[in-house]
Amino acid sequence: MPPRVRFAPSPTGYLHIGGARTALFNWLYARRHGGTFILRIEDTDTERSSGDMVSGILEGLRWLGLDWDEGPEVGGPHAPYFQSGRLDRYRAVANRLVEEGHAYFCYCSPERLRRERERAEAAGGAWQYDRTCARLDPARIAELEAAGAPRAIRCRVPDGRVGFTDRVRGRIDVDGSGIEDFVILRSDLHPTYHLSNVVDDVDMAITDVIRGDDHISNTSKHLLLYAALEVEPPAFAHVPLIFGPDRKRLSKRHGATSVMEYARAGYLPDAVVNFLALLGWSPGDDREILPRHDLVAAFDLSGISGGNAVFSPEKLEWMNGQYLAQMPAGDLAARVEPLLRDAGLLPEGGPVDRALLQRLLVLLQPRAKRLPDFVDQAQPFLVDAVEYAPEAVKKHLSSPELAGHVSALRAALAAVEPFEEAPVESALRGVAEARGIKAGALIHAARVALTGRMASPGIFEVIVLIGRARTATRLEQLETYLTTRP
RNA sequence: GUCCCCAUCGUCCAGAGGCCUAGGACGCGGCCCUUUCAAGGCUGAAACCCGGGUUCGAAUCCCGGUGGGGACGCCA
């Protein structure tokens, strides 16, 4: 039977790197096995959930290219995929569990519980619910009910051990004594995560739960619920957490923790996906660059490693550079053009010489790590006049005879035919030789004249791309600069 | 504190008893290429947490310690 997996975020924050990786693993698993990837929004915490967060999460998933087969906006046989739309169902299940004796009403005041907890914490330990309400006699219950006392519903945790075989961890067992009688339905009739999560996983016929390590200890509670509901639990796979470079758990406190921030910073979705897949998972061999389809083909739960992983911005950057370098010029142009427009480097609304733009981007390609790098490096090619960087002036324009050399170069270039790299190169080298200077000196001066910078693509490519006319103009501008400077 | 998980270069991974004088990648250093900066090629430094077992043999298995992490909510 094809697997059904889900990513079930709560919309209390943006889609961050950790959540994205969990979603990715689920997606890869579904795609690898021809299964179904379901997106379910766990918005039972009305205080902290928001519609903005929902759209932020959808946006992040879409950007990453993690398409869901069932869920918000696409629907499906188990709609709605928002828990806030399924409250009646959870209430019914909670009541059924009470009727069957697997759960009971709890009238304890939250204040009292909080005090107990604080006291225990002060004493250096943890507090477990003392089962006061599990022992209430029927008369007292009737009394409380008659008074309309608010009540929550708690799961009655049985004695004995609960355990499961995690698909990445192996066997995990805990003793029921370590699990308190947890709340499954709050007094405001909203379910807690444990209940809604299990009910939905059952209703939606989830076969494999792939989620963060932080849910391991919840799993025993969930198992108790599956048992009470008399349904076979899904298989579980708990994946390690991701930490920031500071070794702290990923959170909003880390700068670029939202995937959309990476989108804005000029990272490619494929690169981010590839990078994320390799955080805590390995194809088993030495491959590093695995495009989406390779990832799908290679993905296997057994390749997930045990320890937590530290996020490496440097490696992401490297990987992005790899993807940028491999990108076809047309695709690249489509992505960079809007950025160039935003930067005011392309004519307002005007047409663009596509071929020229692509030639330029190809030149810049091996030097780029992120999309904005193209904008920065394309700048000299798209403006009317360049500004000389102070260090470039200092380093390459100090020779007093330079104006004459540049003038000679300009004259030579005017006669070059055809205006292509090889002829341009021999023209420049010819001038250098004739004037008894190193070609390098002339090249550096030309680079400053044409780009204003210390670094650029190969100078002959630059000259040709900038064109005969503009090259002449810029060389002349340099001559003027050299002869008029103080 | 209790319970649970984890433990190989700075980082991410490979390694499923002999193939390991431990391999790859990022990052870092050097060299090459070269007009600069990248890219690329070559190359170097860099790790099996500690202690006991088991075994002819342990990075790999077991136990203990230490360290790190997670969970202990009417949050998810």
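Note that the structure is a prediction, hence the values are computed from the model and not measured. Chain identifiers are assigned alphabetically (A, B, ...) following the order of the sequence lines, protein sequences preceding nucleic acid strands; residue numbering begins at 1 within each chain. Computed from heavy atoms alone, side chains included, the values below leave out hydrogens, waters and symmetry copies.
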Within the 6.0 Å centroid threshold, strictly below: A/W281 and A/F299: yes

Options B/rG70, B/rU11, B/rC3, nucleotide nearest the side-chain atoms of A/L241: B/rG70

Among B/rC72, B/rA25, B/rG69, the one nearest A/A126 by side-chain distance: B/rC72

Donor-acceptor pair present, A/E121 side chain and B/rG1 base, under 3.5 Å: no

Within 45° cone of A/Y104 ring axis and under 6.0 Å: A/R154 NZ or CZ: no

Sugar-phosphate, base or nothing in reach of A/H215, heavy atoms under 4.0 Å: base

Minimum-distance nucleotide (side-chain atoms of A/P110 versus B/rC12, B/rG27, B/rC74): B/rC74

A/R186 vs B/rA76: side-chain N/O to OP1/OP2 distance below 4.0 Å: yes

Side chain of A/D45 - closest among B/rC75, B/rA14, B/rU36: B/rC75

Nearest heavy-atom neighbours spanning A/T132 and A/D130: OG1-OD1, 2.6 Å

Sugar-phosphate only, base, or nothing, as touched by A/E288 at under 4.0 Å among non-hydrogen atoms: base

Face-on cation placement of A/R40 at A/F7 ring, 6.0 Å and 45° thresholds: no

Options B/rU11, B/rG24, B/rU35, nucleotide nearest the side-chain atoms of A/H444: B/rU35

Any A/R169 side-chain nitrogen or oxygen under 4.0 Å from OP1 or OP2 of B/rC4: no

Watson-Crick or G-U wobble mate for B/rU60, both contacts under 3.5 Å: none

Gap between atoms CD and C1', on A/E118 and B/rG73 respectively (whole Å): 12 Å

Among B/rC3, B/rA38, B/rG24, the nucleotide that comes nearest once only the side chain of A/P366 is considered: B/rA38

Minimum-distance nucleotide to A/A455 side chain [options: B/rC26, B/rG1, B/rU36]: B/rU36

Distance between C1' atoms of B/rG57 and B/rA38 (Å, rounded): 49 Å

Side-chain N or O of A/S217 closer than 4.0 Å to phosphate OP1/OP2 of B/rC3: no

Full working for side-chain hydrogen bond (donor to acceptor under 3.5 Å, both in side chains) between A/D213 and A/H238: CA-CA 5 Å; A/D213 226 348; A/H238 288 94; over 6 Å; no

Between P of B/rC12 and CE of A/M319, the distance in whole Å: 14 Å

A/F460 side chain, from C-beta outward: closest of B/rU11, B/rA14, B/rU35: B/rU35

B/rC72 pairs with, by Watson-Crick or G-U criteria that keep both distances under 3.5 Å: B/rG1

Length of the line joining A/D286:CG and B/rC12:C1', which is rounded to integer Å: 12 Å

Proximity to the side chain of A/R429 - top-ranked nucleotide from B/rC13, B/rU11, B/rU35: B/rU35

Atom-to-atom span, CG of A/L113 to C1' of B/rC74 - whole angstrom: 8 Å

A/Q365 vs B/rG40: side-chain N/O to OP1/OP2 distance below 4.0 Å: no

Nearest-Å distance for atom pair CZ/P, residues A/R211 and B/rG70: 17 Å

Test item: A/N320 side-chain N/O and A/A368 main-chain N/O as donor-acceptor pair under 3.5 Å: no

Presence of A/R247 side-chain N/O under 4.0 Å of B/rG68 phosphate oxygens OP1/OP2: no

Nucleotide B/rG70, atom C1' - distance to CD1 of A/I242 in whole Å: 15 Å

Among B/rC26, B/rC5, B/rU11, the nucleotide that comes nearest once only the side chain of A/W318 is considered: B/rC26

Check: B/rC74 base within 3.5 Å donor-acceptor of A/T192 side chain: no

Rounded distance in Å - CD (A/E461) to C1' (B/rU36): 12 Å

Value in whole Å for how far the C1' atom of B/rG27 lies from NZ of A/K369: 11 Å

Atom P, compared across B/rC62 and B/rU55: separation rounded to whole Å: 15 Å

